[in-house]
Amino acid sequence: MQVLVVGAGVVGLAIARQAALSGHDVTVAEITGGIANGVSSRNSEVIHAGLYYPTDTLRAVLCVRGRRMLYEFCASHGVNHRKCGKLVVATNEAELEKVQTIKAQAERNGVEGVEMIGGNAARAMEEELFCIGALWSPETGIIDSHGYMLAMQGDLEDRGGMIAFETPVEEMSHKSSLWHVRFGGSEPGIIPFDAVINAAGLGAQGIAKKIDGYPAGQVPRLVLGKGNYFGFTGKPAFSRLIYPTPIDGGLGVHVTLDLAGRMRFGPDVEWIAEENYTVDPRRADSFYQRIRTYWPRLPDGALVPDYCGIRPKLTGKGEGQADFMIAGPKDHGMPRLVNLFGIESPGLTSSLAIAELVVGYLKD
Ligand SMILES: Cc1cc2nc3c(=O)[nH]c(=O)nc-3n(C[C@H](O)[C@H](O)[C@H](O)COP(=O)(O)OP(=O)(O)OC[C@H]3O[C@@H](n4cnc5c(N)ncnc54)[C@H](O)[C@@H]3O)c2cc1C
């Protein structure tokens, strides 16, 4: 089939690669001038183990499967990564209960190797840490996400797939068994495809609304959950990822490490109405406060505004977490069309498993 994938983020690239490996003729349309210019370039680059997500949700299933596939992909394609492990820490009795609940959920999700450890054992691993107990997750890691996306682009192009940059998808309609897709950009026009996959991240709802005849009730609302990061100017204090217990809308301001060993903190959750990518330095106050619950010796003046990312959420403040919404023909009734909505964390980790699922939908 001639398959169009909209969006060259980590999810679109994974789907395009999988479709090309399955023998389809694949084109990716990307509105910007390169791969990974959207949500995929503004995240924590953590390979999540799959601890938190409710049993049998897409996030739980695809994270665990995607994580295993991703480690294999990194090994076979030489993508830089490190299985450094993570500690989810409790700093008081109430948090200890929460951490125990996370452990039980992780076990239900089939996550390997999780164990509760005491405060002393945690401090033996990370001497700067304060906690009264922690969940140790050995399967969590970090990845060079750009290297990962380049490797997928390589596989796609080796199989004859191509990416058309600066090529926005504007609208589409289904006629005579084909999707007629209108593109803008410097060479506008209409091109027919057998199948279309909308993996446009923050743009996915906008595209779905431009699909002629697509049921309006099947386009979920888009909520923007900005996540800000602050960099740390000194020598890193930790060698593993350190997470507090989750907060409304996110996993809490945690220690993230990159492969160069630099340490930063974030992301927090800031509910916004319009996309913007500035980090307000005044948010540092709440970062100091939250980080000092588990790292009391964080020096004054050590945090500097870094970058931010925007989560394409389906629910807002106080509404609980939504699952990924992957709408195929059985959901919306239109043939060979898949729309992906709300692919926030753990979308990077889940990408190869999402791709497997979505390409399977093209058989319907
Ligand atoms: C702050 C933050 C931290 C995160 N941390 C992690 C983490 O540590 N681990 C993890 O597993 N996940 C994490 N995630 C989630 C992960 O980053 C996302 O799930 C993933 O990057 C989504 O990829 P995507 O391909 O769906 O979207 P994107 O990367 O946004 O790709 C969509 C692409 O579509 C293009 N596009 C949009 N409209 C059009 C159009 N009309 N025509 C053509 N192209 C279009 C965009 O330019 C973009 O390139 C985090 C997310 C955030 C925001």
Side-chain angles (χ1 to χ4, degrees), residues 4-16 27-50 53 59 62-63 66-67 70 86 140-143 145-146 148-149 152 163-172 181-185 196-211 222 224-229 241 243 249-251 253-254 256-258 264 266-270 275 277 279 306-313 324-326 339-355 358:
L4 173 71
V5 177
V6 191
V10 72
V11 174
L13 288 169
I15 294 168
T27 304
V28 180
E30 166 56 47
I31 194 170
T32 71
I35 65 165
N37 281 329
V39 183
S40 301
S41 63
R42 299 166 163 277
N43 58 49
S44 303
E45 298 192 295
V46 171
I47 301 179
H48 286 294
Y53 317 108
R59 294 213 295 171
L62 298 174
C63 182
R67 184 239 309 155
L70 186 51
K86 126 173 170 180
T140 308
I142 51 176
I143 181 173
S145 62
H146 202 78
Y148 168 47
M149 287 183 266
M152 291 199 289
I163 307 178
F165 294 112
E166 293 173 353
T167 304
V169 168
E170 291 185 342
E171 57 184 20
M172 62 187 100
V181 181
R182 179 188 291 281
F183 297 97
V196 177
I197 291 146
N198 169 11
L202 292 163
Q205 277 87 339
I207 291 177
K209 286 179 189 158
K210 295 288 178 62
I211 299 172
L222 172 65
L224 306 179
K226 184 173 168 185
N228 300 281
Y229 293 83
L241 302 167
Y243 280 60
L251 296 181
V253 169
H254 48 259
T256 62
L257 302 166
D258 64 22
R264 64 175 70 87
D268 61 358
V269 181
E270 181 186 357
E275 274 185 56
Y277 292 94
V279 177
D306 203 332
Y307 63 98
C308 65
I310 299 179
R311 307 170 180 90
K313 285 183 162 292
F324 294 157
M325 183 173 172
I326 301 180
N339 283 308
L340 292 99
F341 302 111
I343 312 295
E344 52 157 320
S345 192
L348 164 64
T349 309
S350 310
S351 48
L352 292 170
I354 293 176
V358 168

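For ligands, and for the atoms within them, numbers begin at 1 and follow the listed sequence. Computed from heavy atoms alone, side chains included, the values below leave out hydrogens, waters and symmetry copies. As the structure is a prediction and not an experimental result, all values here were calculated from the model.
- No more than 12 heavy-atom neighbours from other residues, nucleotides or ligands sit within 6.0 angstrom of CZ on Arg182.
- Protein residues lining ligand 1, listed by chain and number: Val6, Gly7, Ala8, Gly9, Val10, Val11, Gly12, Ala29, Glu30, Ile31, Thr32, Gly38, Val39, Ser40, Arg42, Asn43, Ser44, Glu45, Val46, His48, Thr167, Pro168, Val169, Ala199, Ala200, Gly201, Ile207, Tyr229, Pro267, Gly309, Ile310, Arg311, Ile343, Glu344, Ser345, Pro346, Gly347, Leu348, Thr349 [non-hydrogen atoms, distance under 4.0 Å].
- Using modelled atom types, one side-chain atom of Asn198 and one backbone atom of Ala200 make a donor-acceptor pair closer than 3.5 Å.
- Defined by atom type and a distance below 3.5 Å, a donor-acceptor pair is missing between the side-chain atoms of Ser41 and Tyr307.
- With hydrogens and angles disregarded, no donor-acceptor distance shorter than 3.5 Å links the side chain of Tyr229 to the backbone of Arg42.
- Between Asn228 and Lys226, some side-chain heavy-atom pair lies under the 4.5 Å cut-off.
- Here the side chain of Arg264 pairs no donor or acceptor atom with the backbone of Asp306 at under 3.5 angstrom.
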